[in-house]
Amino acid sequence: MGTIQLRDVHKAFGATNIIPKLNLDIEDGEFVVFVGPSGCGKSTLLRLIAGLEDMTSGTISIDGRDVTNEAPAKRKLAMVFQSYALYPHMTVAKNIAFPLKMAGESQAEIDKKVANAARILNLSNYLERKPGQLSGGQRQRVAIGRAIVRQPSAFLFDEPLSNLDAALRGTMRLEISELHQSLGKTMIYVTHDQVEAMTMADKIVVLNAGNIEQVGSPLDLYRSPKNLFVAGFIGSPKMNFVEGKAAEAMGAKTIGVRPEHMKITVTNGAWRGVVGVAEHLGSDTFLHVHTDDHGTINVRADGEIRVSHGDVVFLTPEPAKIHRFDANGKAL
Amino acid sequence: MARAVKTSTRVSYTIAAWVVALLIFFPILYTIITSLKTEGEAIAGFNLIPSFSLESYREVQNQQNYIKPFTNSVVLAVGSTVLGLLIGIPAAWAMAFSPTKRTKDVLMWMLSTKMMPAAAVLVPIYLIFLRLGIMDSRIGMTVLLMLINLPIIVWMLYTYFREIPGEILEAARMDGANLWGEIWHVLTPMAVPGIASTLLLNIILAWNESFWTIRLTTTNAAPLTAFIASFSSPQGLFWAKLSAASVMAIAPILIMGWFSQKQLVRGLTFGAVK
Ligand SMILES: Nc1ncnc2c1ncn2[C@@H]1O[C@H](COP(=O)(O)OP(=O)(O)OP(=O)(O)O)[C@@H](O)[C@H]1O
Ligand SMILES: [Mg+2]
């Protein structure tokens with residue numbers, strides 16, 4: 001089991017409220033991703049759940065048991081840190097075995113479980129090495145191995161892949177997703193990376209200054225963001241926001257259109273503009289169009305499109321995909 | 001050429017370094033030389049060439065048992081340092097990994113006790129020793145030397161511990177280690193170089209401590225510092241014998257220091273270099 005409930009969780013460091021008051025339910029087996037701008041309290045929230053940080057007030061329960069005042073070790077959670085936090089003086093085998101040793105398991109049992117974890121994570125050939133003799137990806141796998149051997153009720157990941165290069169990040173992302181499928185355990189995952197959030201999550205929690213802006217499945221958040229913040233945060237490249245006449249015409253203070261929901265032609269359309277930078281990625285082309293009336297608009301166009309700097313183009317938002325927001329930034 | 005240090009500058013720095021080193025080492029060197037002279041040569045005046053007589057050493061041995069104070073020195077130095085580490089490691093752990101607003105003040109306060117002249121507390125400590133009946137006892141001296149060096153032990157360990165990433169200790173906590181498991185299985189092994197330097201430096205400090213050892217011991221717990229002192233006054237001025245006693249007292253620690261130079265340099269820089 002691995003349900004986690006946060007009730008009125010409040011955390012202040014001295015006089016600064018980092019997390020004002022937060023409620024969240026995490027279901028058993030869910031892959032939950034925390035996203036939000038730097039400094040919004042993602043790590044703090046994760047550390048509160050882990051028990052590494054004391055709450056100012058509120059309660060946390062795991063599987064219905066109030067763990068608010070319990071030590072990290074008692075919460076049956078495992079954590080994978082951004083820095084891996086491996087024990088540098090121990091071999092890979094000893095690192096993975098450490099939680100089992102602390103739990104007082106027999107050596108035979110430990111050996112069996114370590115060998116098993118090493119096999120799953122492709123670490124069997126490295127068991128006698130020290131962490132200093134491993135690559136970044138291998139270290140990350142050891143950290144994950146250390147987390148899985150003790151069969152926790154949930155896993156906590158704090159930006160586990162941010163120290164890896166892009167290619168390795170892709171592989172490890174898949175490995176963690178597969179691990180989630182095969183273990184079926186609750187996982188809470190903090191990340192900055194849009195792709196990680198969108199591809200791995202069952203549920204994304206968007207945080208801003210310690211408040212939850214919205215909770216939902218990746219596609220929910222993408223299709224119907226509740227407010228400007230979420231609209232601007234989820235999706236890459238960012239949603240375009242337009243104020244003024246165009247918005248008023250639709251009965252809104254602000255309207256938002258995603259770059260991929262914009263038709264572009266050279267003959268006629270709603271908004272006229274001049275192409276600034278054109279980024280040709282092959283599969284897509286990102287165009288920065290300086291419009292006459294609505295500032296710079298980003299457009300995601302076909303990879304084969306033949307426009308370049310200085311060309312005059314016309315943009316037309318797809319009517320059904322326009323997001324409308326009121327003066328408070330709430331979606332209409 | 002602009003950035004390279006000129007050869008002449010380098011040579012003059014090297015010479016200066018040698019001069020300073022010689023100046024610092026000279027008293028020890030001259031003690032060794034004097035210990036190899038006869039008493040007659042020793043009082044005759046400044047002379048760098050001894051007659052290599054082992055007379056003084058023999059006499060020192062005959063007059064006083066060397067083994068007893070030597071054993072006491074070992075017991076006091078090692079005992080007080082180990083005891084200090086047992087207390088200092090958890091204390092430094094708390095200050096490095098669980099600091100509060102006042103941690104810096106506590107550290108400064110502890111260090112400030114080292115700035116106080118020892119003579120200022122001679123009477124109270126003397127009385128405490130008297131009342132507790134621990135005058136001239138190994139236990140009393142071990143505890144006292146431990147307390148004297150504890151601020152340095154905590155400070156040194158604190159600086160080393162601060163270099164250890166807190167996340168690793170948190171990982172241990174997540175892995176089910178309790179406080180002692182965390183300190184014993186993770187922090188201590190990772191801090192071995194720092195702990196070793198602290199151990200060595202404090203053994204040396206305790207070995208050489210003479211203010212308290214001379215005043216609070218007579219025979220039973222008297223270490224080598226008191227052994228040297230016993231040659232200075234009652235028999236008048238016997239320079240050669242005194243020197244021989246001194247050499248015998250400092251030789252063990254000098255040899256230990258020589259073999260552990262690398263660790264010691266680390267220790268003396270207080271964790272400033274990795
Ligand atoms: N021990 C602390 N004392 C005081 N303030 C802290 C402490 N730890 C974190 N903070 C503050 O709390 C806020 C949230 O920090 P946190 O590390 O949770 O952010 P984050 O969302 O994880 O950011 P990032 O994406 O950069 O990792 C920050 O403003 C930070 O400065
Ligand atoms: Mg963070």
Side-chain angles (χ1 to χ4, degrees), chain A residues 13-15 43 46-47 49-54 70-91 94-105 110 130-132 139 142-152 154-160 163, chain B residues 85 89-90 92-106 156-200 262-263 266-267 271 273-274:
Chain A
F13 284 114
S43 299
L46 201 68
R47 292 166 55 80
I49 296 172
L52 293 172
E53 210 80 65
D54 289 326
E70 265 184 12
K74 295 252 173 71
R75 300 189 183 194
K76 294 225 200 89
L77 304 173
M79 184 146 168
V80 177
F81 295 84
Q82 179 175 9
S83 64
Y84 318 134
L86 300 178
Y87 310 123
H89 57 291
M90 298 184 198
T91 60
K94 291 248 166 64
N95 263 280
I96 298 177
F98 189 72
L100 302 172
K101 192 171 149 195
M102 289 297 107
E105 299 207 11
I110 292 178
K130 295 270 177 74
R139 284 180 211 181
V142 176
I144 293 172
R146 196 173 59 180
I148 61 177
V149 280
R150 56 194 296 244
Q151 301 182 303
F155 292 87
L156 311 176
F157 294 89
D158 193 355
E159 309 202 27
N163 285 342
Chain B
L85 284 175
I89 290 176
W93 171 87
M95 294 189 208
F97 298 110
S98 183
T100 66
K101 265 186 283 174
R102 300 255 168 272
T103 298
K104 282 262 180 283
D105 300 339
V106 172
M156 285 181 71
L157 291 174
Y158 170 78
T159 16
Y160 290 119
F161 287 0
R162 293 246 314 200
E163 286 177 12
I164 293 174
E167 274 196 353
I168 296 182
L169 299 188
E170 290 179 343
R173 238 170 282 170
M174 292 300 297
D175 283 344
N178 58 21
L179 182 54
W180 286 109
E182 178 186 327
I183 291 181
W184 181 247
H185 291 293
V186 180
L187 177 64
T188 306
M190 281 178 72
V192 158
I195 293 175
S197 314
T198 311
L199 182 99
L200 289 171
K262 237 170 87 186
Q263 280 302 329
R266 270 195 58 127
V273 288
K274 281 202 181 168

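Each chain gets a letter, A, B and so on, in the order the sequences are listed, and its residues count up from 1.
- A/L86 touches chain B through its backbone: at least one of N, CA, C or O sits under 4.5 Å from a heavy atom, while the side chain does not.
- For the atom pair A/Y87 OH and B/L169 CG, the distance stands at 9.0 Å (nearest 0.5 Å).
- Other residues, nucleotides and ligands place more than 12 heavy atoms under 6.0 Å from the CG atom of B/D105.
- From A/R146, atom CZ reaches atom CG of B/D175 across 5.0 Å, with rounding to the nearest 0.5 Å.
- The two residues B/A171 and A/A85 make their nearest non-hydrogen contact at CB-O, 3.7 Å.
- Counting heavy-atom pairs closer than 4.5 Å to chain A, the top-ranked of the candidates B/G166, B/P165, B/A172, B/G181 is B/A172.
- Distance check: B/N178 CG to A/M102 CE gives 7.5 Å after rounding to the nearest 0.5 Å.
- Only the side chain of A/R47 has a heavy atom closer than 4.5 Å to any heavy atom of chain B.
- Counting all heavy atoms, side chain and backbone alike, B/G176 lies closest to A/R150 at N-NH2, 4.4 Å.
- Between A/M79 and B/E170, the closest side-chain pair of non-hydrogen atoms is not below 4.5 Å.
- Of the two parts of A/A78, only the backbone, made up of N, CA, C and O, holds a non-hydrogen atom closer than 4.5 Å to a non-hydrogen atom of chain B.
- No part of A/K76 comes within reach of chain B, as not one of its non-hydrogen atoms sits under 4.5 angstrom from that chain.
- The backbone N or O of B/A191 sits nowhere less than 3.5 Å from a side-chain atom of A/H89 that would complete a donor-acceptor pair.
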